[in-house]
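Please read the structure below before turning to the comments.
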Amino acid sequence: MNQAPETAFSAVLRAASAGDHAAAESAGYMGDLMGGKLPIAAFAALTARLHPVYTALEEAAEAMRAHPVAGRFVHDELSRTPALEEDLAFLYGPEWAERLGDSPAARAYTERIRAVAFDTPEGFFAHHYTRYLGDLSGGLIIGRTLERVYDLADGKGVAFYRFAAIPKPKPFKDAYRALIDEAPFDAEGRALVVSEVREAYRLNTALFAELGELTWNEAA
Ligand code: HEM
């Protein structure tokens, strides 16, 4: 479907959530992390929190694979759970699964994905878009910065931020945005997507806020 650029749903969605993105981006924790002010345990704690989130999201992708609308967004190249597990093994050691503490913010985010991303294409797409398009945008810059800040040789600990199966993010993102513009979401569906994307940003901001409150010499 050919649409004027400003009415294309990808552009509407980006504009409608720009304020929420700005709020997430300006979290003190992220600034401190990228500015090299925090020990590596603070970075590890973010990776630990992303693991249950992506486990839920990627289980939803499996459940939605054959769905006529949601299934179009499922791309195996995006899969992050194996990379997160590789990073956790580096950051926490082989027994990482027993060493991760409880995170109410990660639990809330994961529960939200489990509540809305397995049933409706709008719910699935909203969470899929918010994470993966972000990972392929700012996430790539964040990964390169963290690699330098924590002096991580050969990408150890930052596999999550590297999409080995997507060597050229720009054409991938362009194709993803074309899928957004072609998706048959009606006005009600679009409103649902916008509202859930905003909720996803809030859940991410809450995750950063939780990380910002931890004391690093004690926290795992
Ligand atoms: C320090 C934190 C962050 C930085 C520096 C950052 C940076 C960026 C940048 C530079 C872009 C623009 C790329 C472009 O125009 O193609 C972008 C896009 C995006 N970011 Fe972030 N971001 C951050 C945090 C987040 C978070 C926490 C999320 C949500 C989980 C997120 C989700 C997105 C999404 C979905 C897009 C694509 C918007 C669109 O084009 O539709 N970002 N980010």
Side-chain angles (χ1 to χ4, degrees), residues 3 5-38 42-43 45-58 60 73 75 78 80 83-84 103 105-106 108-110 112-113 116-117 122-150 158 160-161 163 166 168-183 185 190 193-212:
Q3 298 174 58
E6 68 279 7
T7 55
F9 187 41
S10 60
V12 170
L13 184 54
R14 189 202 318 224
S17 56
D20 305 286
H21 183 273
E25 202 179 353
S26 65
Y29 162 82
M30 274 318 273
D32 288 350
L33 190 70
M34 290 171 72
K37 294 184 187 153
L38 300 176
F43 164 54
L46 171 60
T47 307
R49 281 160 177 74
L50 292 178
H51 184 260
V53 170
Y54 280 83
T55 300
L57 190 53
E58 290 171 6
F73 295 96
H75 292 87
L78 290 171
R80 296 291 83 202
L84 284 166
S103 157
Y109 193 174
T110 306
R112 183 70 192 169
I113 291 174
V116 304
E122 290 86 359
F124 173 71
F125 165 69
H127 285 279
H128 194 271
Y129 159 83
T130 311
R131 281 305 332 177
Y132 296 115
L133 221 56
D135 295 336
L136 288 169
S137 304
L140 300 178
I141 308 165
I142 294 170
R144 282 195 291 271
T145 305
L146 295 177
E147 196 174 333
R148 180 172 45 75
V149 164
Y150 293 106
V158 284
F160 169 76
Y161 299 90
F163 286 82
I166 307 180
K168 293 196 169 136
K170 169 86 170 74
F172 187 95
K173 285 197 292 178
D174 289 346
Y176 190 97
R177 288 195 181 100
L179 286 177
I180 299 176
D181 296 339
E182 287 158 14
F185 295 127
R190 285 184 171 203
V193 168
V194 169
S195 149
E196 193 60 32
V197 164
R198 300 196 63 197
E199 178 63 17
Y201 274 116
R202 280 191 287 274
L203 289 160
N204 278 280
T205 303
L207 201 77
F208 290 159
E210 180 183 273
L211 287 161

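Note that ligands are numbered from 1 as they come in the structure, with each ligand's atoms numbered from 1 the same way.
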Just go through [options] and tell me whose heavy atom is the nearest to [atom].
| atom | options | value |
| --- | --- | --- |
| atom 19 (C) of ligand 1 | M34, H128, H21, H127 | H21 |
| atom 7 (C) of ligand 1 | G138, A15, S10 | G138 |
| atom 26 (C) of ligand 1 | A24, S26, A22 | A24 |
| atom 35 (C) of ligand 1 | Y132, Y176, Y201 | Y201 |

Q) Do the non-hydrogen side-chain atoms of L46 and F208 ever get within less than 4.5 Å of each other? A) yes

Q | Backbone or side-chain N or O of Y109 under 3.5 Å from ligand 1 N or O | A |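 The answer is no, given that Y109 and ligand 1 share no N or O pair closer than 3.5 Å.
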
Q. What part of Y129, side chain from CB on, backbone N/CA/C/O, both or neither, has a heavy atom under 4.0 Å from ligand 1?
A.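 The part of Y129 near ligand 1 is both the backbone and the side chain.
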
Q. Nearest protein heavy-atom contact for atom 16 (O) of ligand 1: which residue, which atom, what distance?
A.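 Here the nearest protein heavy atom works out to K173 NZ, 3.3 Å.
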
Could you label the plane-to-plane angle of the [X] and [Y] rings as parallel, tilted or perpendicular, counting under 30° as parallel and over 60° as perpendicular?
| X | Y | answer |
| --- | --- | --- |
| F9 | F125 | tilted |
| Y132 | Y54 | perpendicular |
| Y109 | H127 | tilted |

(Q) I'd like to know if F208 contacts ligand 1, where contact means a heavy-atom distance under 4.0 Å to any ligand atom. (A)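 So F208 counts as touching ligand 1.
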
Q) Any non-hydrogen atom of I142 lying under 4.0 Å from ligand 1? A) yes

Q.
Under a 4.0 angstrom heavy-atom cut-off, which atoms of ligand 1 come close to E25?
A. 1 (C), 2 (C), 3 (C), 4 (C), 5 (C), 6 (C), 7 (C), 23 (C)

Q: Provide the number and element of each atom of ligand 1 under 4.0 Å from a heavy atom of R131.
A: 30 (C)

**Q.** salt_bridge(D174, K170) N-O dist < 4.0 Å
**A.**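 Here D174 pairs with K170 in a salt bridge, since their nearest N and O are under 4.0 Å apart.
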
Q) Can you tell me how far the CZ atom of R49 sits from the OG1 atom of T47, to the nearest 0.5 Å? A) 10.0 Å

